[in-house]
Amino acid sequence: MKFFYLQKSDRHVITLLLCVIAAALAVICFTDSREEDSSALQEVKTTKSGKTKYQKKTYTYNQGQTRQPELFPFDPNTADSTELLRLGLKPWQVVNIYKYRAAGGIYRKPRDFARLYGLTLKQYRQLEPYIRISEENLPAENYFYKYEPVEERDTVKYPVKLQPEERIVLNRADTAQLRKVPGIGPYFARKIVDYRERLGGYYRVQQLLEIEDFPETAVNFFIIPDETEFRKMNLNRLSLNELKRHPYISFYQARAIVDYRRLHGRLESLHQLQLLPDFTPEAIERLEPYVEY
């Protein structure tokens, strides 16, 4: 028995350690049970006997198929959920539109639709040309001036859109004419003119698709006559900085042209550069209309 005898101070230390261990185990068990209860008892259900019954709630998510947006004229004050979803809006955005209309909200002008929560600038630019506000949703004060002389339509601010069979010459149209094309507003009208200046003129209408987010349906309203002339750049005279300003010439291509002139002399054709890695057949083909020697 003397072998198992411990001093009083040792017994106190061992007792304290055992108490700490027991307390730690109790805390761990209590925490696990609380987490299990909070995760398992998610839904409360009352039985016929009046007793409360807890059931574990399960969640399912409908992944749904992503549909391609369709662009067509619509009135945000009257469009139903099917039309709004076809336009590419999210279901929760459609719900917000319905709540706004149910609370008495009215979209009186296209810009009002831009306040839709979650609507991106890209989406609004695509939808803006197709927003049609019905006369019934205009301010009531307009009704009293219905029979007064109507001022002539401001065709600069509100241009009349082209009919499906009408076409305009792409390299001659200014921003006012470009805004007559369905799907083209002030933003894309400026982009078309700016890109035309940088290129030196369009030689294919498909070049419009190189503008970010450009509406494909608008391409069919443009034509380019066969006799169109383009502003050309002389590859034997321009500096590296001048060459790289063209959208179809990168910094590395400009440097390759300058190095070739320094080592081999004047260029007579773009095909002299076809052995260089930066000048693929596609790059040479699209650059050909804009160069001279």
Side-chain angles (χ1 to χ4, degrees), residues 66-73 86-88 120-131 159-235 238 242-254 256-257 269-274 276-293:
T66 303
R67 66 169 68 197
Q68 289 293 341
E70 301 178 33
L71 297 177
F72 53 87
R86 285 173 55 200
L87 290 166
T120 64
L121 181 59
K122 174 182 176 180
Q123 285 179 302
Y124 178 72
R125 285 173 178 167
Q126 291 176 337
L127 296 175
E128 180 186 15
Y130 298 93
I131 298 176
V160 178
K161 295 298 183 179
L162 298 177
Q163 296 300 316
E165 67 278 2
E166 294 181 296
R167 302 290 183 271
I168 63 174
V169 179
L170 179 56
N171 286 318
R172 298 176 186 172
D174 57 18
T175 54
Q177 293 173 309
L178 291 170
R179 290 176 59 192
K180 295 180 180 180
V181 176
I184 302 297
Y187 173 80
F188 282 117
R190 290 193 301 269
K191 285 290 186 180
I192 292 172
V193 174
D194 292 343
Y195 197 53
R196 183 175 66 194
E197 290 300 316
R198 293 178 59 202
L199 285 171
Y202 297 97
Y203 69 86
R204 291 188 304 117
V205 293
Q206 284 74 19
Q207 289 176 277
L208 291 170
L209 299 178
E210 297 170 10
I211 299 174
E212 185 178 5
D213 300 329
F214 190 85
E216 295 185 20
T217 54
V219 173
N220 298 326
F221 288 89
F222 297 101
I223 59 171
I224 299 177
D226 295 334
E227 66 276 8
T228 301
E229 296 184 0
F230 311 104
R231 187 177 70 248
K232 297 180 181 292
M233 52 185 172
N234 194 308
L235 294 186
L238 298 181
E242 292 172 327
L243 288 168
K244 71 178 184 178
R245 290 174 188 166
H246 196 277
Y248 289 168
I249 298 181
S250 66
F251 168 80
Y252 299 102
Q253 290 173 322
I257 293 173
S269 171
L270 276 177
H271 294 285
Q272 294 175 248
L273 305 172
Q274 62 185 357
L276 301 178
D278 294 314
F279 285 91
T280 62
E282 293 80 11
I284 292 176
E285 181 182 359
R286 71 174 187 168
L287 187 59
E288 187 72 41
Y290 299 109
V291 299
E292 62 183 7
Y293 312 98

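In what follows, every heavy atom counts, from backbone to side chain, and hydrogens, waters and symmetry copies are set aside.
Of the inter-residue distances, the one linking Q206 atom CD with I224 atom CD1 reads 8.0 Å to the nearest 0.5 angstrom. To the nearest 0.5 Å, atoms CD (E242) and CE (M233) are separated by 11.0 Å. With values rounded to the nearest 0.5 angstrom, R245 atom CZ is found 10.0 Å from L243 atom CG. The distance from atom CD of E292 to atom CG of L235, rounded to the nearest 0.5 Å, is 8.5 Å.
Proximity of Q274 to I284: side-chain heavy atoms (C-beta onward) are separated by under 4.5 Å at one or more points. No side-chain heavy atom of V205 sits less than 4.5 Å from a side-chain heavy atom of I223. Proximity of K244 to S250: side-chain heavy atoms (C-beta onward) are nowhere separated by under 4.5 Å. Contact annotation: the side chain of L208 never approaches that of Y195 to less than 4.5 Å [non-hydrogen atoms, C-beta and beyond]. For the pair L87/P69, no side-chain contact is recorded, criterion being any heavy-atom separation below 4.5 Å from C-beta on. Side chains of Y203 and N171 form no contact here, defined as non-hydrogen atoms less than 4.5 Å apart. Within the 4.5 Å cutoff, the side chain of I192 has no heavy atoms near those of the T175 side chain. V193 places none of its side-chain heavy atoms less than 4.5 Å from the side chain of D174.
Y252 OH: 12 or fewer foreign heavy atoms inside a 6.0 Å radius.
K161 places a side-chain N or O within donor-acceptor distance of the main-chain N or O of I184, the cut-off being under 3.5 Å. A donor-acceptor pair under 3.5 Å links the side-chain atoms of Q207 to the main chain of R204, judged by distance alone. A donor-acceptor pair under 3.5 Å is absent between the side-chain atoms of R196 and the main chain of K191, judged by distance alone. Side-chain atoms of Y290 do not come within 3.5 Å of backbone N or O of H246 as any donor-acceptor pair. Between the E197 side chain and the D194 main chain, no donor and acceptor come within less than 3.5 Å of each other. Distance alone, capped at 3.5 Å, is enough to place a donor-acceptor pair between the Q253 side chain and the D278 backbone. Panel note: side chain K232, backbone P289; a donor-acceptor pair is recorded below 3.5 Å.
Y248 and E210 share a side-chain donor-acceptor pair at under 3.5 Å. Under 3.5 Å, the side chains of R125 and Y187 contain a donor-acceptor pair of N or O atoms.
Residues D213 and Q126 approach most closely at O-NE2, 4.4 Å, considering heavy atoms. Heavy atoms only, all atoms of each residue included: Q177 and I168 are closest at O-CD1, 4.0 Å. Between A256 and F279, the shortest heavy-atom contact is CB-CE1, 4.0 Å. Of all the heavy atoms in A173 and L178, the pair that sits closest is CB-CD2, 3.8 Å. Here the shortest heavy-atom pairing between A218 and P182 reads CB-O, 3.8 Å.
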Exercise. Go through the steps to decide whether F72 and Y130 satisfy the test ring pair (Phe, Tyr, Trp, His ring centres under 6.0 Å), and finish with yes or no.
Key: CA-CA 6 Å; F72 53 87; Y130 298 93; 8.1 Å; no

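Taking the six-membered ring for Trp, Y202 and F222 have ring centres at least 6.0 Å apart.
Residues meeting the side chain to side chain donor-acceptor pair (under 3.5 Å) test with Q272, sequence neighbours left out: Y260.
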